[in-house]
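Shown next, in structure tokens, is the structure this report addresses.
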Amino acid sequence: MSSELYPAEPFRIKSVEFVKMNTREERERIAKEAGYNTFLINSEDVYIDLLTDSGTNAMSDNQWAGMMLGDEAYAGSRNWYHLEETVKELFGFKHVVPTHQGRGAENLLSKIAIKPGQYVPGNMYFTTTRYHQEANGGIFVDIIRDEAHDSTIDIPFKGNIDLNKLQKVIDEQGAENIAYVCCAITVNLAGGQPVSIQNIRETSELCHKYGIKMFMDATRCVENAYFIKEREEGYANKSIKEIVLEEFSYADGCTMSGKKDCLTNIGGFLCLNDEELFLAAKEMVVVFEGMPSYGGMAGRDMEAMARGLKESVQDEYIEYRVKQVRYLGDRLLEAGVPIVEPVGGHAVFLDARRFCPHLTQDEFPAQALAAQLYIDSSVRSMERGIISAGRDKATGKNHYPKLETVRLTIPRRVYTYKHMDIVAEAVINLYKNRDEIRGLKWVYEPKQLRFFTGRFEHI
Ligand code: PM9
């Protein structure tokens with residue numbers, strides 16, 4: 001294992017949390033009781049938890065020290081000023097509005113920037129993002145490049161916006177009927193795929209030519225910056241900090257889930273340059289989140305986020321982070337396991353269509369595969385396919401996403417390479433016995449964001 005391909009952890013571990021392995025019989029019962037939904041399994045019943053990289057980060061000693069300096073005043077906490085200053089310095093936007101997590105920022109942005117009936121083009125949907133857009137009368141249109149929907153195509157910037165698709169929406173619907181364009185960096189459901197600076201710049205130019213605003217989903221913007229440094233001409237010698245600043249220099253604002261690249265466990269924010277939108281967001285934040293100086297976060301959490309953000313843009317950290325994820329992907333590819341290629345920034349996505357060719361999409365192959373992986377190995381993953389895609393708001397019919405995947409999401413600074421080996425072994429074993437994976441059907445289908453709490457049984 002070359003340390004250039006897969007660098008060692010750039011930290012020492014000084015606090016540990018014990019985990020335990022349960023028996024296969026126990027896991028069969030637990031999975032059944034959880035309705036074969038990995039979201040409904042208790043954390044204590046999981047050995048390696050790859051459900052999500054959201055809020056599962058390990059904080060540093062410096063962040064924990066900052067927690068003790070929490071100023072828990074209702075208004076004007078010093079930690080807020082530290083966070084605001086840090087976000088402005090790293091992202092370059094004029095205004096910052098704090099929120100309890102990413103979807104809080106999405107709710108605010110959708111409320112202040114979408115008029116019912118307007119279109120919101122974006123590079124592939126994300127569950128909570130599209131929910132808030134639609135809940136506020138918006139119509140999501142997917143403008144990601146076609147290759148992003150094919151798990152087998154290995155290209156450097158698979159998350160890029162297709163400018164022809166964007167131009168077509170503008171021509172057909174009229175610029176005035178477009179609320180804004182949402183550009184996610186990286187694109188979660190495409191496999192954590194990055195967007196190039198060139199594409200961000202050209203999308204911004206096209207939007208601004210028509211007076212349309214462009215907002216970024218900044219959730220994994222540091223991982224995106226690493227890919228730019230690694231793959232885009234002219235960026236190899238730039239620092240991650242410089243690239244992050246450039247990513248946002250073309251945008252009018254962003255939403256951020258602080259639970260991912262900010263290296264914290266909770267929090268989020270909305271950034272805006274426009275004064276009127278900022279005023280509207282400040283009026284709205286007090287209704288849904290809290291004062292504009294905490295937005296649903298405790299002072300100590302804002303301090304941890306300010307410090308986490310500074311750590312996140314350190315070059316050696318982010319290189320290790322992205323390459324650890326790649327290590328798991330490479331082990332699976334070597335064994336012939338079908339995954340989304342290339343490996344993205346936060347997770348390895350199993351291609352459930354190719355993994356379970358004996359199941360139709362209506363038999364929920366990704367949901368079934370995630371449940372079976374847990375039963376086999378106590379490794380928890382997440383479905384990202386037809387269940388996550390939900391139903392069309394207008395017709396009530398299921399969306400049928402081309403990508404039917406199971407996400408093995410790597411929390412930041414939590415697991416070692418040896419853990420990755422154990423996960424790879426578990427997936428490879430299951431792949432050898434893939435014919436035994438049985439399809440599922442609904443027992444309970446929630447009306448909103450059904451993947452979180454839905455329940456299933458074997459067909
Ligand atoms: N992402 C994830 O596991 C957690 C919720 S869905 C299980 O991937 C993007 C690109 C996200 C994201 C959350 C949010 C919402 C917005 N954009 O979870 O509300 O990946 O902080 O952020 C999750 P919050």
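FYI, the numbering just counts along the sequence from 1. As the structure lists them, so they are numbered: ligands from 1, and atoms in each ligand from 1.
There is no side-chain donor-acceptor pair under 3.5 Å between Ser60 and Asn62.
Near Gly102, the atoms of ligand 1 lying under 4.0 angstrom from a non-hydrogen atom of the residue are 19 (O), 21 (O), 22 (O), 24 (P). Below 4.0 Å from some heavy atom of Thr128 lie the following atoms of ligand 1, by number and element: 14 (C), 15 (C), 16 (C). For ligand 1, the atoms lying closer than 4.0 Å to a non-hydrogen atom of Thr52 are 2 (C), 3 (O). The ligand atoms of ligand 1 that sit less than 4.0 angstrom from a heavy atom of Met382 are 3 (O), 7 (C). Under a 4.0 Å criterion applied to the non-hydrogen atoms of Lys259, ligand 1 contributes the atoms 21 (O). Here is the list of ligand 1 atoms found below 4.0 Å of a heavy atom in Arg103: 5 (C), 18 (O), 19 (O), 22 (O), 24 (P).
Counting only heavy atoms from C-beta outward, the side chains of Ser54 and Gln101 never approach each other to under 4.5 Å.
Residue contacts with ligand 1 leave out His346, since none of its heavy atoms falls under 4.0 Å from the ligand.
No N or O atom of Thr127 sits closer than 3.5 Å to an N or O atom of ligand 1. Between Gln101 and ligand 1, an N or O atom pair is found at a separation short of 3.5 Å.
Closest heavy-atom approach to atom 4 (C) of ligand 1 among the candidates Glu383, Met256, Arg220, Lys260: Lys260.
Protein heavy atom nearest atom 16 (C) of ligand 1, with residue, atom name and distance: Glu106 OE2, 3.0 Å. Among protein heavy atoms, atom 21 (O) of ligand 1 sits closest to Ser257 OG, 2.6 Å. Looking at atom 10 (C) of ligand 1, its nearest protein heavy atom turns out to be Asp217 OD2, 3.3 Å. Of the protein's heavy atoms, Phe126 CE2, 3.5 Å lies nearest to atom 14 (C) of ligand 1.
The side chain to side chain donor-acceptor pair (under 3.5 Å) analysis of residues 241-253, with sequence neighbours excluded, yields the pairs Glu89-Lys241, His208-Asp252, Asn224-Glu247, Tyr235-Glu246, Ser239-Glu242, Glu246-Tyr250.
Contacts with ligand 1 closer than 4.0 Å are made by side-chain heavy atoms of Phe39 only, the backbone lying farther away. Under 4.0 Å from ligand 1, the heavy atoms of Arg407 that appear belong solely to its side chain.
Environment of OH in Tyr131: sparse, with no more than 12 heavy atoms of neighbouring residues, nucleotides or ligands closer than 6.0 Å.
With Thr38 contributing its side chain and Ser381 its backbone, the two residues share a donor-acceptor pair below 3.5 Å. Arg407 places a side-chain N or O within 3.5 Å of a backbone atom of Leu51 that can act as its donor or acceptor partner. Looking only at distances, a side-chain donor or acceptor of Gln367 sits under 3.5 Å from a matching main-chain atom of Tyr36.
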Would you tabulate the side-chain donor-acceptor contacts of residues 292-302 under 3.5 Å, counting partners in other chains and residues two or more places apart, or write 'none'?
unit_1, atom_1, unit_2, atom_2, d
Ser293, OG, Gly76, N, 3.0
Tyr294, OH, Tyr74, OH, 3.4
Arg300, NH1, Glu72, OE2, 3.3

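Asp53 and Arg412 are joined by a salt bridge, as a carboxylate oxygen and a charged side-chain nitrogen come within less than 4.0 angstrom of each other.
A ring pair (Phe, Tyr, Trp, His ring centres under 6.0 Å) with Phe269 is found for exactly one of Trp80, Phe93, Phe91, namely Phe91.
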